[in-house]
Every structure is written in structure tokens, then in C-alpha cells.
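Hydrogens, waters and symmetry mates are skipped; everything else that's a heavy atom, side chains included, is used. Below, chain A is the first sequence line, B the second, and so on; all start at residue 1.
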Amino acid sequence: MSIELKIADFALKGIQHLYGLQADPDQISVQKTRKDQSGDFTLVVFPLLRYSRRSPEETGHSLGEYLISRMPEIGKYEVVKGFLNLVMHDSWWTGFFAEIQHNENYGHVTLTSDAPHILVEFSSPNTNKPLHLGHIRNNLLGHSVSQILKAAGHRVTMVNLVNDRGIHICKSMLSWQKWGEGITPEKAHVKGDRLVGDFYVRFDQEYKKQVTKLIEQGIDEEQAAAQAPLLLEAQQMLRKWEEHDPDVLRLWEMMNEWVCRGFEETYRNLGIKFDKIYYESQTYKLGKQLVSDALEKGILYQEEDGSVWADLTDEGLDQKLLLRADGTSVYMTQDLGTAHQRYQEYSFDRHVYVVGNEQNYHFKVLGLILKKMGFPWYNRLYHLSYGMVELPEGKMKSREGKVVDADDLIQEMYYTAKEISERLGKMDTVPEEKRQVNYPRIAMGALKYYILKVDPQKTMLFNPEESIDFNGNTGPFIQYTYVRIRSVERKAKDSGIRLDEIDWSREIKPGEYEKQLIKRIHQYPGVLKEAARAFSPALIANYLYELVKEYNQFYQFETILKEQDKNKRNFRLRLSSFVARHLAEGMNLLGIEMPERM
RNA sequence: GGUCCCGUAGCUCAGCUGGAUAGAGCAGCAGCCUUCUAAGCUGCGGGUCGCAGGUUCGAAUCCUGCCGGGAUCGCCA
């Protein structure tokens, strides 16, 4: 039982004892004491006045006396207005630290055989253009949330659904056929996804020219857009693809291969892996059977033209198309199908979809239709809806080239990290190959932290003019703290200090900064739990930042290795080592690796 | 127009299921390296928490209505 719960429990007993009343547990609020007040935990007494029928001060004192007499952990108490501040004995804090100091994965819940199984789908790119900053946010979120869920004791399967078919890829294919002159990524020395993306852009340009021409000829805009020869050709190509035309299939396979190899490189740079990759070309027909079954049962209805619809008016929504008149499926049909398939496959307890908030409506409808179809697991689907990444001039638009390309950004971060490192010169004595390990870690640390520290739900702004910071509330700041501790550890080892020399039986009086650190660390299990519940890496990022700030103060004002009292010195060293390991584990949940020097 | 999300310092963001005098970073100014890595630390200035009501002992937080911004309501994905 956590100490907070224990205090709450005794507070309830105290009310019973003092006032003879059974208090509502919801009225008991135990929280961390504010920084500007002395104390460790605070019991808010205002809600308890209804039981005591005394003044806040009197009630606080009575409860304080009660608690201190029953809980040996508590050293003293103080009543300020309606707040009962409890101060724990120093030995309680050091005892807590002594207990956890050797935990390999402090705060992380070990996996049990009956742990809930969570499927996390993320990334899900289209194979017609390279990844951009928006995809980076998606990938980082998906990966980080998966790690957080694992740390919180869940079984996690990370899946990707690559959208490798459809009109968009046909546009790139057609464009390459017309203007590519047989170029390949190898010949062009360009990443495959970039090359295909360029042809996609080319298609759009040529298509727009045709549309403009048609409009000039007096055709109205809508018709022109629908009748431009290029579009008709692309549609023709899609039909051929669906009819398994060998030439089209060959071209399709080749270009998809280019793109996927390009993606793999980007994923590698981002440190992202999947347990399973699905391809839409293999899943796009799923769901039709579900729809026809539901139609037979009268859950869905059919229009005269043969199209099939779900009526969601009883849920306050509209009608939703599930099968076109020609019997082909739409996105929703596929998603119904894949959800069903995955449930058959995994019997997941939860299925998280990391998808932008522009698809809120889609996922709402997806759940409702599954509910309508009678699948009891419909409420196990969860749409982790994240906000868009915007540029100063607004939303990114890939067709207009107003995007921040993922590979470019990664490159740029690398050069910045390298440049700063070289300027500071602290790695001058480090061999080249080790530096080449550290630069990307710092670069990616900056980028990943920058994105993950903001609440997923919120739209975030990225200004390419102001490059991502390496100072302040940043990834490198946290890495730097880690690196400093590692350096102290090396020095300790060099001077023969052994870490097992702490005598815990002797009273260790933690200083202000040490105690603050232990208090912060004590909060971690709760932070992790909340991060897993809310699917929010930002909570982990903020926690780590607070911890690091406090560690740096400690580092600044206290000396570790030069401390004369050996017990104290070793305690500080142990605390530092623990913080370093804890930081590395915490950053790992954000997908960030630690450099050993920087 | 309907539905959903957002609005906190010049800028970028924290602020958990309501709790004490709303916090960081960046930018600006002023200090700190003969001492464990200065990518650090300390201090200063900067706020009608979009506006107005309501609930409450107590509201940035919950409710309602406005204002501003975004998303969505396609036989696109």
C-alpha cells in the first residue's frame, strides 16, 4: 500500500475515532505538499469540516495528533489554514530509497501471464510520398505509448498498416511511366520514397495544368476536375490493378518496394520497429462479409442502386456508406474488417489506433457500427487522437510541398548536434566511432523530446526557422545530466570507491536536495500509471524534466566525491547512480537513447 | 449550420480525478567555471488563465452561454 493511501486510511479512522462518523473516502485528499510549504504530504481538511463541526485549524490539529500517534513514519505536522501538512521522518525517506536502490526497472510493473493484451496500430503511411513531420509525431507517439504500456505491465503488440494500394499510388505509377524514363532510386541516388513522392507531385502539377486548360475551354470546374485525362488514366490503372493486370502489378510491386525500403531507413533512424506489418493490398477486401451478414440480419439497409448503408440516426449521427453500388468497399468497410480479423487473431483487451484528430468522426462511427453489428468488444477500440503539427503559416500540405520532410529534419538535427558537440569540444578525446554513436542519440533526443513533451491531444507548432533547442527543457538537457553522472561514476571507480560501502544502519541525514530527489522519485510509479492510463508520453517527459532540474541543483550545491563523510559520500553516489539509471529507463519509454559522453 | 477539440507570460508549453500566493523553458537583463562536464546553476522583470455568468468553503480546472482558432460532417484514406 502506498504511503498516501495509508495516510488516507488513517485519516478515515481518525474521523471515526474523533467524531464518531464514517467519512466518505472521496472526501479524503492526500497530495504532495507545495514546494513553498514545509511538509511532504498534505491532507486537505476543508471537506472534513462537515464531520468535525470545528474550525479548519482545530480539525487539522486533532487529525494531526491522531495521525502522528498512529503512524511512526510521520515526524511532525503543521496546520496552515485548512491544510494539514505532514512531515515524514528522514529515516522513512532514506528507508524508501534503500528499498528501491537496486531495482533494475524501478517503478515498472513486471509482466504477468494474465496481463491485458493491447494492440497498438501506428504509423500507417501511404506509399505515395515520403514521411513528414506529422508522421514523425505519429510514429513517436505510437512507439512511446507502446513502451509506456509495457512498462505498466501490459502485453503490447505494435502493428503497422501500410496503405500500399489505391488511386494515390496509381498516380505516382502513371507519372513515372510517362516522365520517369526508366529512372530508379539507384540511378538517381535518391531514397525510393522520395523518388516516388516526386512523381506524385509531378502528377499533381500536370493534372492541374490539364484542369486549367479544360476550364479555359469552357468546362465548369467540377467537371474539369473529374474529366482531366490524367485522372481518367489513373483510374483506369486502378481498375487494371484490381483485375490483376500483370504489367500494372509488376510496376506496382517495384515502386512499392522502393518506397518501403525508404521507409525502413527512416524507421531505423527513428528507432521504430513493429511486431507485425499489414498491407492494405491484402486487407482491403476484408469487411465485405461482415457487411453482407449484417445486411441479412437487417442491421444495415440497401439502397435501390445496391449500395449498403448503416443508419446511425439513433446515435445522433447520419447515414454511413459501407459498400458502393458496384459492391466495392470503402475505408470504413476495411477498418471493420481489420478490426474483426485482429480480434479473431489476438483477442485483444484493447486496440489503440494512433491516428490524427482529423479522423475523430471516422473512429466514432467505426465503434458505433461494430456495436450495431453486435460485437461486444466494440468498446475495446480506442482512438488515440493527436493534434496536427502546424507550421507558422498553417497546416502542412504535402501536395504543395509545404512540408517538413522527416529525413531532412533528421539530417539537420544530426548536423546541429555534431556542430554543437564540436564547438564545445568535450568529446575531442573520444574516438571517432564513439562520437558517431553519440551524435544521433543527441540529435534524436532533441527531436523526440521536443515532440513528445507536448500533450498528444494538442495541436503543436513547429517553426523551421528556429531550430529545435538543445538547452532548457529539452532532451539533451536530460541526457547531459545523465552524462555528468556517468562521468562522476567513472571518477569514483578510478579512485577505487566501492558502491556497496553504505552503512544503512547508521542514520543518514539527507540534505534538502537529496530529500527533494527521493520525494520526486517516490512519485514515479504514480506518474507511469497515469501516463499509461492517459496514453500520454508528455507526463513522463515532464516528470523526467522535474527530476533532472532537481538533480542539477543537487549537483551544483553539493559535492559528491569530495565529501569527507564516507557514508554520506557513498549515499550521494548511490543516489546519483540510481538517478542515472532511472533517467535512462525513463527516456527509453520516450524512445530516446542516452549518450555516454557529450 | 450540426458535432468534436483548443484558447494560460512576447514565443513554445506544464498545471493530475476542483485546493494554499498560476509554473517552466526560450527570448531580455545581471551574476557563477584554480573545485565531480557551464548543453549547467542563481537572481530580476514579464499574467484581468479568451469573455460573462453559475455550482462550491474554494474554479485555470466542473456546468451554461458567447467570442476567437482548428478539425470534421464525401461512394478520399
For B/C33, does the O4'-C1'-N9-C4 (purine) or O4'-C1'-N1-C2 (pyrimidine) torsion place it in syn, i.e. within 90° of 0, or in anti? syn
Please report the distance separating the C1' of B/A9 from the corresponding atom of B/G28, rounded so that it comes out in whole Å. 13 Å
Figure out the CZ/P separation between A/R54 and B/C57, and round it to whole Å. 20 Å
Heavy-atom donor-acceptor pair, A/T42 side-chain to B/A20 base, under 3.5 Å: yes
Watson-Crick or G-U counterpart of B/G65, or none if no pair lies under 3.5 Å: B/C51
Pairing partner (Watson-Crick or G-U wobble, both distances under 3.5 angstrom) of B/A38: none
So what does A/M460 touch, heavy atoms closer than 4.0 Å: a base, only the sugar-phosphate, or nothing? sugar-phosphate
Identify, between A/E530 and A/T459, the residue whose nearest nucleotide on RNA chain B lies closer to the 5' end. A/T459
Examine A/R165 relative to A/Y284 and say whether NZ or CZ is less than 6.0 Å from the centre of the six-membered ring and inside a 45° cone about the ring axis. yes
Does A/L461 reach a base, just sugar-phosphate, or nothing at all? Heavy atoms under 4.0 Å. sugar-phosphate
Considering only atom C1', compute the distance from B/G10 to B/G47 and round it to an integer number of Å. 12 Å
Are the ring of A/F46 and the six-membered base ring of B/G58 within the stacking cut-offs of under 5.5 Å and under 30°? no
Indicate, with a heavy-atom threshold strictly under 4.0 Å, whether A/N128 touches base, sugar-phosphate, or nothing. nothing
With stacking defined as ring centroids separated by under 5.5 Å and planes differing by under 30°, is A/Y480 stacked against B/G40? no
Please check if the number of heavy atoms outside A/E512 that lie under 6.0 Å from its CD is greater than 12. no
Report yes or no: is there a donor-acceptor pair, N or O only, under 3.5 Å between the side chain of A/D305 and the base of B/C75? yes
On a plain distance test, is the side chain of A/N552 in donor-acceptor contact with the base of B/A38 below 3.5 Å? no
Output the rounded distance in Å from CD (A/E550) to P (B/A24). 12 Å
In terms of relative ring orientation, are A/F363 and A/Y353 parallel, tilted or perpendicular, with 30° and 60° separating the classes? tilted
With rounding to the closest Å, how many angstrom separate the P atoms on B/C57 and B/G18? 15 Å
Between C1' of B/C75 and CD of A/E303, the distance in whole Å: 12 Å
If you assign each of A/L539 and A/M427 to its closest nucleotide in RNA chain B, which residue comes earlier from the 5' end? A/L539
If you compare every side-chain N and O of A/Q31 against the phosphate oxygens of B/C16 (OP1, OP2), does one of them come in below 4.0 Å? no
Give me the ring orientation class for A/Y543 and A/Y524: parallel if the planes are under 30° apart, tilted from 30 to 60°, perpendicular past 60°. tilted
